[in-house]
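These notes are about the structure you will find just below.
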There are 2 protein chains.
Amino acid sequence: MKHDLRVIKTQESLRHALLELLKVKPLEDISIAELCRLAQINRGTFYSHYKNVHQVFKHYLEVIVEDFRRAYEEPYIKTRFKIENMNADMIQIFHHVKKYQDFYQIVFDHRIPMMYYYLLFDSVRTFIEESLVKNQIDKEEGTLEDYLLSYQTNAILGLLIEWHRKDYQTNAEELNKQLITIISLNSPFRN
Amino acid sequence: MKHDLRVIKTQESLRHALLELLKVKPLEDISIAELCRLAQINRGTFYSHYKNVHQVFKHYLEVIVEDFRRAYEEPYIKTRFKIENMNADMIQIFHHVKKYQDFYQIVFDHRIPMMYYYLLFDSVRTFIEESLVKNQIDKEEGTLEDYLLSYQTNAILGLLIEWHRKDYQTNAEELNKQLITIISLNSPFRN
DNA sequence: AATTTTATTGAACATGTGTACATTAAAATT
DNA sequence: AATTTTAATGTACACATGTTCAATAAAATT
């Protein structure tokens, strides 16, 4: 049974232990053995739930990425998908990232596998795709559409990479303004 | 001495052995021990040259990224930095990536650390920055400039991510056309 | 050619990885 | 409450990691 109490207890112990260790050392330096010792879980048991430490971290990130989606969505909903009416203080993604800065610092770390980046990428890309449909913009032919979407998606993530490199020093409001400026001189989906 | 013949021999053996192993298994599955066995290098010696297998691979990637730069530069030089005059068959980056597809498949793999992506990112970003200077476009104020550059840079890399996901099926000429289409509806540095 | 310098080797050690399997114990089912 | 199911444990094994250090051998220097 999937909802076996023992399974839940084991996984929660491991996840909790991971958060504890992350207070002390970077994700890449946390071994399975150490995690299991702290969680008081047999190392063999670990492997029947996760393949590596990253799989444990991924659980947290999935929740956060879901929240990212909400943050991204907000101005679209407020403007009823009329992007022209969007203004800087409606943008929530940078506030969201700032809120979970500890996690995003891990995601953008140069030692961390691309999988987290792709998790974020997919989430943003799917939303942009959906918002185009809702905005009733004519879809281009299939392949161009795909490339255009990935181009746009990754451009947004480029801002986050730059923010990361600036150690999240730029404040979120400032970034909101910059994004508005950029997409106004640079709106690929304008009619 | 840095040019000690023994050092050169050791490093070349390791690099050569890595290429051999890459024909057989993915980078993430290659252990230091295995690499050293094949290269006939003592494992202790490995650590006095490299920290991990990625550092060995990085050597190759640096050469390739330098070639990427040349590919990126080509249309700018041909048009003497007048982007308006650029046309699809001048673009060389996709041909370049196709040529080194085996390597880019590794770079964009979800298990691989972000470091390679950043290596590419930095190279592209630096070139875009330089090309703006040569194109004598007024620089914006410092911070916006940084974010705009990273936005643009990552947008380009978004195309490569999409290509990777399509298993490099789209042909390079097609991609050239798509890029021209995208940047024509979407040129942030237009005057 | 003799000497000095230093890269490489080999061995050892503590720890981590991934897997296997019989045993135990805790949950679900009857 | 008794029984069945199965998750978790403990142990073992082969191999990998990262580090240390004395011994060796191959370079560079004289």
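Every chain is numbered from 1 and lettered A, B, ... according to where its sequence line falls, protein lines coming before strand lines.
Regarding contacts with the backbone of D:dA8, a side-chain N or O of A:H49 is found under 4.0 angstrom from either OP1 or OP2.
With respect to B:R69 and B:E130, a salt bridge is recorded, a charged nitrogen being found less than 4.0 Å from a carboxylate O. With respect to B:K78 and B:D89, no salt bridge is recorded, no charged nitrogen being found less than 4.0 Å from a carboxylate O.
Two rings, from A:F108 and A:Y116, have their centers 6.0 Å or more apart. In summary, the aromatic rings of B:H110 and A:Y118 are positioned with their centroids too far apart to meet the 6.0 Å limit.
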Under 4.0 Å protein heavy-atom contacts per nucleotide of nucleotides 9-19 of chain C, with B for base, S for backbone only and - for none: BB-----SBBB
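With rounding to whole Å, A:Y50 atom OH is found 11 Å from D:dA8 atom P. Distance, A:E12 CD to D:dA7 C1': 16 Å, rounded to whole Å. Spacing between atom CG of A:D4 and atom C1' of D:dT5 amounts to 10 Å, rounded to whole angstrom units.
Shown here, C:dT30 forms a base pair with D:dA1; the pair counts as Watson-Crick or G-U wobble because both key distances fall under 3.5 Å.
Pairing each heavy atom of B:Y47 with each of B:I32, the nearest pair is OH-CD1, 3.5 Å. The minimum heavy-atom distance linking A:L35 with A:L14 is given by the pair CD1-O, 3.8 Å.
Between the base of C:dA27 and the side chain of A:R6 there is no donor-acceptor pair shorter than 3.5 Å.
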